[in-house]
Amino acid sequence: KHKNQELVFYCESCKALICTACTVVDHRPGKDHNPVEIAIVAQNTKETLQGLLQDMDPRLKEMQSSVAEVERKMSTLTPSKEAATDQAKAYFRRLHDLLQKHEEEVLNQIDEQCRADGKALQTKKDDIEFELAGLTSAQTFCQQAVEHGSDWHILEVGDQVQTRLETLLAKELELESDWTEFQFEENTTVADFAENVEQYGGLKKKVEVAKCSVVVKSTVQGFRCVAVLTTMDKDGRPCVIDSKAVTMKDPSGSNVKTRFQMKNQGVYEIEYLPKVTGKHTLEVKVTSQHVPGSPFDVNVQSSDTPVVTIGRRGSGVGELDGPIGVAVDKDGNIVVVEARNRRVQIFDAHNGHSLRRFPVDGEHPFGVAVDSNGRIYVTSWGDNYGLRGYSKEGKLLNTFKPDGLCHPPGLAVLKDGRMVVVDFVKE
């Protein structure tokens, strides 16, 4: 603007280089303008930049160190993968070998039992055949004497033959064998094994304590009680932990013995047996850090105090009319069959809320049971009697009406899927 004027000032308000004339006309010092000599501003800026340069040195060293650490981890990536792979293969080989060894032992037991039973059955057969031969011989002799013998011959041998036959007929023989067919028993069903297979080894991940949780279930004095710990990684996926601490104290401050057991990958069960009622405290730490909510207040109730009260009389959601059968599913939910509402209703065992419900067939629904797969079985009596299986959602899967079944008020489902039904009429 002002030709032939040297720029010797800097207006800090306008952030512009100006000449001497500008300080008189456009950038007169005041509340709107603050002209300062360039040298002073430059020196201040230089000192600020030098300070930033000094601050950058440790930051640069930190970043260079981080790059070196990442490179170090990258160099160990493949060896670490190979080591983990070898460990996993060795672990599962050992499990396989143990199963194979147990399989051989069971098969040997079957072979040995078969040989022993075969020998016993052969002895049984020989004994019966020996007695059969004696009885057949006596029968033949007697028949020939009766059909072809003369009167004097009958009188001569009659008493002897009669005594022989009576002795043979009176002789007590074990004709029935107590042998039963071989039956392999699945102590753990394949379905149960498949459901829990994830707990047999897994890739260890870093746990994110803030995402871990503990659910304290109903507690009653003198009964086995549990709390469930769920551990998560930073991505919210279940992960295995190797560092934990669980402490429980009763109202007097005395320690309560706890038992820690992994149920599935990332799911652990804390078991304890409270001996007194009142407020207990449960402290749960993972990698030396409290999980959210720890320590927990655990109110232990007396065994004669209801832990949860479910429903009231009616036919609406959460209401009951004629609750006649009850069972517990594998998730701990309470399954109730209602005689008058002719339906099944499933409740949350912790708060008593109704989770779902569905109608059932049969004139008089009575008993209810749940198998390991969550299928619900209901018995009913009357004209449309039977045993019916439903999915967890309430879809009718099948109906059983075995011969001889008349009035089935109750049932139970065994671990291997077989059902035991009681019949009131047939006793």
Side-chain angles (χ1 to χ4, degrees), residues 1-23 26-91 198 201-214 229-246 262 265-268 283-295:
K1 186 175 181 180
H2 302 104
K3 296 182 179 180
N4 301 323
Q5 292 289 322
E6 184 179 0
L7 301 175
V8 293
F9 289 96
Y10 179 79
C11 181
E12 292 183 329
S13 301
C14 301
K15 298 187 181 302
L17 292 170
I18 60 176
C19 62
T20 303
C22 290
T23 63
D26 298 325
H27 298 272
R28 183 188 298 276
K31 66 175 184 177
D32 296 327
H33 300 282
N34 182 28
V36 182
E37 293 183 10
I38 289 178
I40 296 175
V41 176
Q43 182 62 35
N44 290 340
T45 302
K46 187 183 295 184
E47 291 175 355
T48 299
L49 293 175
Q50 286 175 341
L52 291 173
L53 286 173
Q54 291 177 354
D55 291 340
M56 287 183 69
D57 285 341
R59 182 63 172 168
L60 287 170
K61 290 179 180 178
E62 181 183 6
M63 294 179 70
Q64 289 168 352
S65 176
S66 296
V67 170
E69 177 64 17
V70 172
E71 289 177 344
R72 184 192 67 79
K73 290 182 177 180
M74 289 176 65
S75 68
T76 61
L77 182 63
T78 300
S80 175
K81 175 228 175 189
E82 292 174 350
T85 300
D86 292 341
Q87 290 171 354
K89 288 181 177 179
Y91 174 76
E198 289 185 353
L203 183 62
K204 184 179 177 181
K205 300 175 183 177
K206 185 177 180 181
V207 64
E208 187 76 16
V209 179
K211 293 187 176 181
C212 297
S213 63
V214 172
L229 166 66
T230 303
T231 54
M232 300 284 187
D233 63 15
K234 61 183 180 62
D235 297 320
R237 292 190 294 262
C239 64
V240 178
I241 59 172
D242 56 8
S243 174
K244 83 284 181 185
V246 178
M262 184 170 76
Q265 183 169 348
V267 180
Y268 301 85
E283 183 180 275
V284 183
K285 291 182 179 180
V286 173
T287 61
S288 302
Q289 301 177 59
H290 282 282
V291 301
S294 175

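Throughout, residue positions are numbered sequentially from 1 according to the sequence presented. Hydrogens, waters and symmetry mates are skipped; everything else that's a heavy atom, side chains included, is used.
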Roughly how far, to the nearest 0.5 Å, is CG of Asp233 from NZ of Lys211?
7.5 Å

Euclidean distance, Ile38 CD1 relative to Phe9 CZ, rounded to 0.5 Å:
8.5 Å

Contact summary for [X] and [Y], nearest pair of heavy atoms:
X      : Y      : result
Cys212 : Pro292 : O-CD, 3.4 Å
Pro35  : His27  : CG-O, 3.6 Å
Tyr268 : Ile241 : OH-N, 2.9 Å
Val209 : Thr287 : CG2-OG1, 3.5 Å

Contacts of Ser13 meeting side chain to side chain contact (heavy atoms under 4.5 Å, CB included) (sequence neighbours excluded), chain-then-number -> Cys11, Asn34

Got [X] and [Y] here, is their nearest side-chain heavy-atom distance under 4.5 Å?
X      : Y      : result
Val286 : Leu229 : yes
Lys15  : Tyr10  : yes
His290 : Glu283 : yes

Got a donor-acceptor contact below 3.5 angstrom from the [X] side chain to the [Y] backbone?
X      : Y      : value
Lys244 : Val284 : no
Thr231 : Cys239 : yes
Asp235 : Arg237 : no

Taking only distance into account, with no hydrogens and no angle test, what donor-acceptor pairs under 3.5 Å do side-chain atoms of residues 45-56 form with protein atoms, sequence neighbours excluded?
{"unit_1": "Thr45", "atom_1": "OG1", "unit_2": "Val41", "atom_2": "O", "d": "2.9"}
{"unit_1": "Glu47", "atom_1": "OE2", "unit_2": "Gln43", "atom_2": "NE2", "d": "3.3"}
{"unit_1": "Thr48", "atom_1": "OG1", "unit_2": "Asn44", "atom_2": "O", "d": "3.0"}

The residue among Gln87, Glu82, Lys81 that forms side-chain contact (heavy atoms from CB on, under 4.5 Å) with Thr85 is Lys81

Go through the structure and list residues passing salt bridge (Lys or Arg N to Asp or Glu O under 4.0 Å) with Glu62, not counting sequence neighbours.
Arg59

